[in-house]
Chemist: 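Quick one: structure below, then a few questions.
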Amino acid sequence: MMSYQVLVSKKVAKQIEKIPDPDYTRIKKSILDLGINPRPAGCKKLEGREGYRIRQGNYRIIYDIQERIKIVAILDVGNRKEIY
């Protein structure tokens, strides 16, 4: 049961598609899981900008939670060396 709607922009969807398996599958699952729990263990509130991040292997998923309307917007996904 998803309590939040997860929104992924076209730009982010293209970034995710370029990621090879098994990371692709794990990242996809992590993003879907944010719909159930938008603040999982290990998520960090970002400093200096809006949003949160979670790590999935060598990748980071940057997202924002819009609490009032129950939306998790995925802002960026990429290798943690290049993400910020």
Side-chain angles (χ1 to χ4, degrees):
M1 184 202 84
M2 291 180 69
S3 52
Y4 288 76
Q5 184 181 357
V6 178
L7 300 179
V8 180
S9 70
K10 282 191 173 127
K11 183 190 116 193
V12 173
K14 284 190 172 131
Q15 289 172 308
I16 296 168
E17 285 167 15
K18 291 178 189 161
I19 296 168
D21 256 338
D23 290 318
Y24 170 81
T25 306
R26 287 194 202 116
I27 287 167
K28 203 167 134 188
K29 182 181 182 327
S30 292
I31 288 172
L32 292 174
D33 288 348
L34 289 173
I36 301 160
N37 178 11
R39 292 179 187 87
C43 88
K44 293 224 165 89
K45 180 124 180 53
L46 296 175
E47 291 180 24
R49 70 183 264 195
E50 283 293 300
Y52 294 82
R53 73 168 166 83
I54 54 172
R55 263 183 69 185
Q56 181 56 68
N58 286 328
Y59 293 88
R60 288 215 168 112
I61 300 166
I62 310 275
Y63 62 99
D64 192 29
I65 303 168
Q66 295 165 16
E67 205 59 65
R68 216 170 34 82
I69 50 178
K70 298 284 188 203
I71 285 179
V72 174
I74 308 301
L75 305 175
D76 210 352
V77 174
N79 192 294
R80 63 196 186 103
K81 291 182 188 125
E82 305 154 0
I83 195 74
Y84 293 111

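Worth saying up front: this structure is predicted, and the values here are computed from it rather than measured. Residues take their numbers from the sequence shown, with the count starting at 1.
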Chemist: Do Tyr4 and Ile74 belong to the same hydrophobic cluster, where Ile, Leu, Val, Met, Phe, Trp and Tyr are linked whenever their side-chain heavy atoms lie under 4.5 Å apart, directly or via other members?
Modeler: yes
Chemist: Answer yes or no: is there a side-chain heavy-atom contact under 4.5 Å between Ile31 and Gln56?
Modeler: no
Chemist: Would you indicate whether Lys29, at its atom NZ, is surrounded by more than 12 heavy atoms from other residues, nucleotides or ligands within a distance under 6.0 Å?
Modeler: no
Chemist: Would you give the length of the straight line joining atom OG of Ser3 to atom CG of Asn37, rounded to the nearest 0.5 angstrom?
Modeler: 8.0 Å
Chemist: Show the numbers, then the answer: is there a side-chain hydrogen bond (donor to acceptor under 3.5 Å, both in side chains) between Tyr59 and Glu82?
Modeler: CA-CA 9 Å; Tyr59 293 88; Glu82 305 154 0; over 6 Å; no
Chemist: Measure the CD1-CZ distance between Ile62 and Arg49 for me, rounded to the nearest 0.5 Å.
Modeler: 5.0 Å
Chemist: Are Val6 and Tyr24 grouped together when hydrophobic residues (ILVMFWY) are joined by side-chain heavy atoms under 4.5 angstrom apart?
Modeler: yes
Chemist: State, yes or no, whether a side-chain contact exists between Val8 and Val77 at a heavy-atom distance under 4.5 Å.
Modeler: no
Chemist: State the CZ-CZ distance between Arg80 and Arg53, to the nearest 0.5 angstrom.
Modeler: 9.0 Å
Chemist: How far does CG of Leu32 sit from CD1 of Ile27, to the nearest 0.5 angstrom?
Modeler: 12.0 Å
Chemist: When hydrophobic residues are tied together by side-chain contacts of less than 4.5 Å, even through go-betweens, does Ile69 share a cluster with Leu7?
Modeler: yes
Chemist: Return the minimal non-hydrogen interatomic distance between Ala73 and Gln66, and the atom names on each side.
Modeler: CB-NE2, 4.3 Å
Chemist: Judged by atom type as modelled, is there a donor-acceptor pair below 3.5 Å linking the side chain of Tyr63 to the main-chain atoms of Ile54?
Modeler: no
Chemist: Transitively linked via ILVMFWY side-chain contacts under 4.5 Å: Ile65 with Leu34?
Modeler: yes
Chemist: Which distance, rounded to the nearest 0.5 Å, do you find between the NZ of Lys45 and the CD of Glu50?
Modeler: 5.5 Å
Chemist: For Thr25, is there any backbone N or O sitting under 3.5 Å from a side-chain donor or acceptor partner on Asp21?
Modeler: yes
Chemist: Side-chain contact, heavy-atom cut-off 4.5 Å: Ile61 with Ser30?
Modeler: yes
